[in-house]
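Data first, discussion second: the structure below is written as structure tokens.
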Amino acid sequence: MKERVTEMKIGLIGYGTVGSGVYERLIRSREQIETIIGEKFEIIRILVKDVKKHEAVHRNLFTSSWESFFEQEQYDLVFEAINGTDLPKSFTESLLKQGTSVISANKKLVALHGEELEQLAYDHGAYYGWDAAVCGAIPIVNVFKSVLVTTNIQSIAGILNGTSNYILTKMEEGRTYEDALEQAQSLGYAEEDPTSDVEGWDAVYKLCLLARQCYDQWISPNDIERVGISHIDQWHIQAAKALHLSFKLIAKLEVDSTSLKGFVKPALIDQEHSLAPIRGVLNAVTLEGKDMERLIFAGPGAGKETTANSVVEDFIFHEQQRDVLPRFTYRLTKIEEGISEKLTAQEVWFCKNEQLSEVKPYLEKTKVWKEKEVKGGKVFIVTPLSSATPFFTFPLLTEVDQEHATVESKL
């Protein structure tokens, strides 16, 4: 870490929703933060695209020149709060190489380049914090770093994207997919191009970060099975309701004796599942393990104040732990014998009447646990096939202490 002669010098890259939120939170909580970290701080420069947009807010702080931002100032810490990957990666590399710590909320950047950026920070005596990149207000990353350092976690499952969860919630209330998406966009919950949210990429990036922090393994987004929600229609929603099940876009990690596997896809849960109450734009993460049974973390997954709060708390956490944070956790990464048989072992196949002939040959290759006739078709609960099918299949999620009979008894 750099030697600090006087007060801490802070820079900020980006002054959009998250960046302005971080600035406001730092100013509003200055006295409290300075008391906790034991030194005063000063925000000395803010890098933005267009200085003119910010003339009303301490104009002298702003610059649109990276050279002016980087070469004319010396920082102890910089908050990186811009979109994309190429520019923020280049900026972050330059800062870390000079020993300046960086806090980021850029999930895609961390998922794609976090391994090399963490190594760079380590090599130059800095830190690279990204707690706010996973689930907004939920401090799940720093929970792994501080209070679950040696706890064996056998599986992680969660709702990591508020946009898709909002859409599925509204569809359960009777809206079409298109109407629910339009409403999400009008409320600011979905981007004009919602692909990253509804096709699962946003959740994939977050799952990569959870894998790193929980299991000390960086995995590629391309190694995670990904299916979005855009193919789900009202028929699927109503058929699931007939079985007392509901759709959630689930991100899940499972580890066995040889590998770490993950998926992001629509799955079905019953009303007793711990993720069942998570509706609207809320995010949630459940951790399961022998030593802790089940822990559930839930809260807002996005928003100016909530994300800025996580960014600032991440900064405070790292400042408090600068000299004691382990580089890696000491958590066991091998799942305990016998647990793997209790993980997800059933799928739900939704077959409209016109699809039954296509599905029948595949039903003959697997065990059918239950068959339910619904309006317009049939629903089957089956043992998953080892090979791919030409139609969508949906995992039926149960938790370690739930038996499959819990769901079957309701059919």
Self-check item: Arg28 bridged to Glu305 by N-O distance under 4.0 Å
Solution: no
Self-check item: Side-chain donor/acceptor of Trp235 to backbone N/O of Lys375, under 3.5 Å
Solution: yes
In this structure, SG of Cys208 is separated from CG of Asn222 (nearest 0.5 Å) by 9.0 Å
_Looking only at the side chains, is there a donor atom on one of Asn142 and Asp314 sitting less than 3.5 Å from an acceptor on the other?_
yes
Shortest non-hydrogen pair, Pro266 vs Val227, comes out as CD-O, 3.4 Å
Check: Does any N or O in the side chain of His124 come within less than 3.5 Å of the main-chain N or O of Ala126, such that one atom is a donor and the other an acceptor?
Finding: no
- More than 12 heavy atoms of other groups within 6.0 Å of Asp86 CG: no
Exercise for the section: Verify, without hydrogens or angle tests, whether Asn165 (side chain) and Gly280 (backbone) share a donor-acceptor contact under 3.5 angstrom. Expected result: yes
In Leu210, Asp216, Val149, the residue satisfying side-chain contact (heavy atoms from CB on, under 4.5 Å) with Phe144 is Leu210
The reported gap from CG in Leu120 to CD in Glu115 (rounded to nearest 0.5 angstrom) is 12.5 Å
Only residue of Ile381, Val379, Leu363 satisfying side-chain contact (heavy atoms from CB on, under 4.5 Å) with Trp349 is Leu363
Ion pair check, Glu7 and Lys9, cut-off under 4.0 Å | yes
d(Arg294 CZ, Ser155 OG) to nearest 0.5 Å is 8.5 Å
The complete set of ring-ring contact (aromatic ring centres under 6.0 Å, His included) pairs with one or both residues in residues 278-313, sequence neighbours excluded, reads none
Between the CG atom in Leu245 and the NE2 atom in His236, the distance rounded to the nearest 0.5 Å is 13.5 Å
By salt bridge (Lys or Arg N to Asp or Glu O under 4.0 Å), Glu73 pairs with (sequence neighbours left out) none
Check: Salt bridge or not for Lys107 and Asp202, using N-O below 4.0 Å?
Finding: yes
- Query: Side-chain donor-acceptor pair under 3.5 Å between Tyr127 and Glu319, yes or no?
  - Reply: yes
Notebook entry, point to check: Can any side-chain N or O of Glu80 pair as donor or acceptor with the backbone N or O of Ile82 at less than 3.5 Å?
Noted result: yes
Within 6.0 angstrom of Glu31 CD, more than 12 heavy atoms from elsewhere: no
(message) Is it the case that over 12 heavy atoms from other parts of the model lie below 6.0 angstrom from the NZ atom of Lys53?
(response) no
Margin query: Can you confirm whether Lys108 is buried at NZ, in the sense that more than 12 heavy atoms of other residues, nucleotides or ligands lie under 6.0 Å from that atom?
Written below: no
inquiry  = Can a donor-acceptor pair be found, under 3.5 Å and without considering hydrogens, that links the side chain of Ser310 to the backbone of Ala132?
reply    = no
Does the side chain of Arg212 come within less than 4.5 Å of Glu118's, by heavy atoms? yes
Looking at Glu182 and Lys170, does any basic side-chain N land under 4.0 Å from a carboxylate oxygen? no
*Basic-acidic side-chain contact under 4.0 Å: Glu116, Lys89*: yes
Residue set satisfying ring-ring contact (aromatic ring centres under 6.0 Å, His included) with Phe69, at least two apart, ordered chain then number -> Trp66, Tyr75
Okay, side chain of Gln185, backbone of Glu191: is any donor-acceptor separation there less than 3.5 Å?
-> yes
Taking NZ, NE, NH1 and NH2 as the nitrogens, is one of them in Lys97 or Glu93 under 4.0 Å from a carboxylate oxygen of the other?
-> no
When rounded to the nearest 0.5 Å, the distance separating CD1 of Ile27 from CD1 of Ile43 is 4.0 Å
For this session: Can you label the angle between the Phe394 ring and the Phe350 ring as parallel, tilted or perpendicular, going by 30° and 60°?
Result: perpendicular
In terms of heavy-atom contacts, Ala203 and Val264 come closest through CB-CG1, 3.8 Å
Closest non-hydrogen contact found for Gly377 with Asn353 is CA-OD1, 3.2 Å
What do you reckon, is CG of Asp223 surrounded by more than 12 foreign heavy atoms closer than 6.0 Å? yes
Within 6.0 Å of CD in Gln32, more than 12 heavy atoms from elsewhere: no
*asked:* Would the distance check show the side chain of Arg226 and the main-chain N or O of Trp201 forming a donor-acceptor pair, the cut-off being under 3.5 Å?
replied: no
For Asn106 and Ser104, which I'm curious about, is there any donor-acceptor pair between the side chains at under 3.5 Å?
no
| message | With a 6.0 Å cut-off on the ring centroids, do Phe380 and Tyr362 count as close? | response | no
Interatomic distance, CZ@Phe41 vs CE@Met8, rounded to 0.5 Å, equals 9.0 Å
Exercise for the section: Taking the six-membered ring for Trp and the full ring for Phe, Tyr or His, determine whether the centres of Phe79 and Tyr23 are under 6.0 Å apart. Expected result: no
Quiz item: In terms of heavy-atom contacts, does CD of Gln234 have more than 12 from other residues, nucleotides or ligands at under 6.0 Å?
Solution: yes
Can you confirm whether Phe392 is buried at CZ, in the sense that more than 12 heavy atoms of other residues, nucleotides or ligands lie under 6.0 Å from that atom? no
